[in-house]
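Working notes for the structure below.
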Amino acid sequence: MKVNTSQILKGLLEACVLKIISTRDMYGYEITENLANKGLEIVSQGTIYPLLLKLEKENLLISYSKESPDGPPRKYYKITKNGLQYIEEFREIWSEISSSINNILN
Amino acid sequence: MKPEKYIEHNNNLRTYLNEENNKYYEELLIQTRLLSFFKNEQKVEEVLLDILQDLIDYQKAGKNFVDVYGDNIHKIAKDIVKNILQDNILKNLKLVLLSVIMFIVSSFFISISFKQSINILEYVFSYTLTIVIIAVALFILIKMLHKLKPISSLIILMIFFNAAIFIPILASRSIDFYNMANGKFNISVTTSLIVAVFLATVIVTFSIAKATNSYKILLPLLIPQFANLVLVFLFKNSTSTQSLIVSSVILVISFIIALTIVYKNSK
């Protein structure tokens with residue numbers, strides 16, 4: 001059985017996406033490029049869209065249309081207060097869990 | 001922005017895709033639109049445009065659809081649709097109510113003109129049959145979409161629709177003929193049944209044409225349906241094998257005509 005990276009990433013990706021857009025509003029391509037630059041190549045980028053929809057439903061981010069000079073408006077994603085709070089809570093839990101897991105696996 | 005505006009932008013931007021990316025993206029477009037029949041259309045088109053805009057950026061960076069999104073298009077479409085809220089219930093209810101009224105009115109007028117008795121139960125049965133046919137047809141189409149080429153799927157769908165009209169009629173005639181002596185057991189295929197199946201096929205064909213934006217290819221598929229309808233009414237009261245053979249031949253010819261037009265339009 002191969003290690004399924006996207007399975008491992010499932011919960012973590014949401015927090016990472018939120019953290020990325022907390023620095024500035026971005027559109028889809030920018031988000032995945034930023035993740036890739038930080039070393040997170042999402043195996044199937046199709047996953048980013050349902051994830052963004054889910055985060056919007058949970059009110060952790062909002063989306064808005066921004067006029068673009070060449071072509072139709074582009075959808076930008078912006079973090080909300082709830083989103084910022086989520087990142088903080090996640091950070092705490094993640095540092096606890098990750099050290100425990102590192103302990104177990106090493 | 002209204003859904004139509006999104007679709008217009010989508011159609012314009014797709015011209016920037018190279019042939020291979022366009023093939024995959026259009027597949028995603030069709031599947032997502034079909035799967036989201038009861039969902040908020042504006043949200044669906046919004047997401048599809050978003051994906052297209054990102055795909056164009058990736059293409060500029062030298063990546064193609066499969067590199068970026070993988071090739072399991074059905075899964076992507078499913079996941080997207082899963083997270084979109086349903087359209088408000090009132091709107092869907094209005095749609096259902098409208099189709100029920102349309103059906104009742106048309107069956108009513110046809111029954112009157114053929115001097116048949118009006119039977120509520122029969123209307124309920126026919127309407128349920130319409131819904132079942134639509135659901136099965138769409139289910140078959142979605143399942144087959146990522147296994148067969150679109151044209152093959154449409155041909156199979158067309159055969160399914162024609163079978164849905166033809167087989168009950170065939171069955172009722174042969175059973176009538178067999179039991180003519182005792183007169184006990186009689187399946188009558190009434191006009192409302194025929195209208196029901198015909199409406200179902202028209203509705204499915206139109207919604208697929210709308211989802212795939214391919215009216216020129218799909219509407220000719222209705223030709224055998226019209227032929228079927230006309231033949232059924234023309235030969236309504238004759239159970240002779242001769243009339244059956246004549247109807248079958250005319251039906252096959254209409255099939256061939258429809259397929260030729262479809263192939264010509266898809267080139």
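Just so it is clear, the values below take in all heavy atoms, side chains as well, and ignore hydrogens, waters and symmetry mates. Note that this is a predicted model, so its numbers are computed, not measured. First the proteins, then the strands, lettered A, B, ... as listed; each starts at 1.
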Distance alone, cut at 3.5 Å: any donor-acceptor contact between the side chains of [X] and [Y]?
{"X": "A/Y49", "Y": "B/D54", "value": "yes"}
{"X": "A/S65", "Y": "A/Y76", "value": "no"}
{"X": "B/Q53", "Y": "A/Y29", "value": "no"}

Next item on the list: Side chain from CB out, backbone as N, CA, C, O: work out which of these in A/E56 comes under 4.5 Å of a heavy atom of chain B, or both, or neither.
Entry: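 Side chain only.
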Note to self: Quick check for you: among B/V47, B/I80, B/D57, B/I51, which has the greatest number of heavy-atom pairs under 4.5 Å with chain A?
What the structure shows: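 If we count pairs closer than 4.5 Å to chain A, B/D57 comes out on top.
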Check: Given side chains that start at C-beta, do those of B/K43 and A/L53 come closer than 4.5 Å, heavy atoms only?
Finding: yes
Notebook entry, point to check: Looking at A/K75, A/K54, A/R74, A/K57, which makes the most heavy-atom pairs under 4.5 Å with chain B?
Noted result: A/R74
Margin query: For B/L28, which atoms come within 4.5 Å of any heavy atom of chain A: side chain, backbone, both, or neither?
Written below: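 B/L28 has no heavy atom closer than 4.5 Å to chain A.
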